[in-house]
Amino acid sequence: MSDVITWTGVQSRRLKELGVDLETCPVNFSTPVERNKLFQQIEKKEVRSQRAKLSEFLARGKKSHLELLKEKISLTLHNQGFYRVTTPTIITKTALAKMTIDENHPLFHQVCWINEKQCLRPMLAPNLYSLMMDLGRLNHRPIRFFEMGPCFRNESDGARHNYEFTMLNLVEMGLAKEDRHARLEELASIVAAASGLTDFQFESEDSKVYGSTLDIVAGHEKIEVASGAMGPHPLDAAWGITDTWVGMGFGIERLLMVSRGDTTIGKWGKSLSYLNGIRLNSI
Ligand code: ATP
Ligand code: MG
């Protein structure tokens, strides 16, 4: 029996890079010449189309998919009565320790330290906890706010993790205890709808940092796009929080990846190799 002639490793990598769905391409060829000819045709066509797309974006000064998604989510949350906060990207070791993230915690070793006492935040929660404590002194309830900004984690899996990514974290304080679960699902669904995400499920998980969490997983691969938590919570005392609350953290690039039907995140993160999902060495 003769060997099956299919794409070479280099060819299939290049086709994927160009955004070609290999499942819709022929996979078996009678000769290498036939295969190479088709490869060249597809590559030429894709390069032309990617170049045209990029020119269109640049010439018209269009917004990137990531920018549009951030704007849409922000507007949606403002319309739901959430105030947007912007807090420092550099946080202290003490603030992390208040989240129980110290030398003994696995996340501690993923933290990007800039000196002995400060790091680039791996999450928004420490800053948002601090705001919850201060805003909790106001009389009105509920108190609603969110942050959307960069977080950093030294990760080993590159397919669904970026070293630097955009986290959205929303918080609602002062709701009835019995309403927390339903409200968390409602808020999660609002953000999912704003992101064009239709195929998702809720999953409960035990987190080392947050106790019991409510995750959103998307698609048949069940890719996590968000994790939610609620208080009263074991961490509240360290921050002087006595209110009931719900909170949820989303990865914006993950939302973009999943809502666009991708299973890898690289092209949607901050990058010098991609512009709006288009590989720059393809043009
Ligand atoms: P995972 O298990 O997928 O690594 P996590 O549970 O460690 O995620 P959380 O701390 O729950 O992540 O952060 C909230 C959300 O932020 C995640 O659901 C995910 O969408 C996103 N996120 C976390 N780490 C990254 C990363 N390195 N790159 C991109 N998005 C991330
Ligand atoms: Mg999580």
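Order of listing sets the numbers, starting from 1, for every ligand and every atom in it. What's counted below: heavy atoms across the whole structure, side chains too, no hydrogens, waters or symmetry copies. This one's a predicted model, so the numbers in the text were calculated from it and none came from an experiment.
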Closer than 4.0 angstrom: is that true for some heavy atom of E224 and an atom of ligand 1?
-> yes

Say whether A226, considering both its backbone and side-chain N or O atoms, lies within less than 3.5 Å of an N or O atom on ligand 1.
-> yes

Donor-acceptor pair between Q11 and N36 side chains, under 3.5 angstrom | yes

Give the single entry among P106, S156, G269, G249 that approaches atom 14 (C) of ligand 1 most closely by any heavy atom.
-> G249

Ignoring water, what protein N, O or S atoms are under 2.8 Å from the Mg ion (ligand 2)?
-> E224 OE2, S227 OG

May I ask which of R254, E164, M167 has a heavy atom nearer to atom 3 (O) of ligand 1 than the others do?
-> R254

Of all the heavy atoms in E253, does at least one lie under 4.0 Å from an atom in ligand 1?
-> no

With no hydrogens and no angle check, is any side-chain donor or acceptor of D236 less than 3.5 Å from a backbone partner on H233?
-> yes

Of all residues at least two apart in sequence or in a different chain, which pass the ring-ring contact (aromatic ring centres under 6.0 Å, His included) check with F108?
-> W113

Does one side chain, of T87 or E147, offer a donor that lies under 3.5 Å from an acceptor on the other?
-> yes

Close N or O approach (G251, ligand 1; < 3.5 Å) = yes

Look at atom NE2 of H109 and say whether more than 12 heavy atoms of other residues, nucleotides or ligands are closer to it than 6.0 Å.
-> yes

For N162, take its heavy atoms, then give the atoms of ligand 1 lying under 4.0 Å from any of them.
-> 26 (C), 27 (N), 28 (N), 29 (C)

Give the other cluster members for F29, using side-chain heavy-atom distances under 4.5 Å between Ile, Leu, Val, Met, Phe, Trp and Tyr residues; answer none if it is isolated.
-> I5, W7, L15, L18, V20, L22, L38, F39, I42, V47

Should you measure from each heavy atom of E155, which atoms of ligand 1 turn up under 4.0 Å away?
-> 24 (N), 26 (C), 27 (N)

Between S271 and S273 the two heavy atoms that sit nearest each other are OG-N, 2.8 Å

In terms of atom number and element, which parts of ligand 1 are under 4.0 angstrom from non-hydrogen atoms of V225?
-> 18 (O), 20 (O)

Any ring pair (Phe, Tyr, Trp, His ring centres under 6.0 Å) involving residues 136-156? Give me the pairs, sequence neighbours left out, ordered by first then second residue.
-> H78-F146

Between I143 and L135 the two heavy atoms that sit nearest each other are CD1-O, 3.1 Å

Taking all atoms of both residues into account, what is the closest heavy-atom pair of T263 and M257, and its distance?
-> C-SD, 3.8 Å

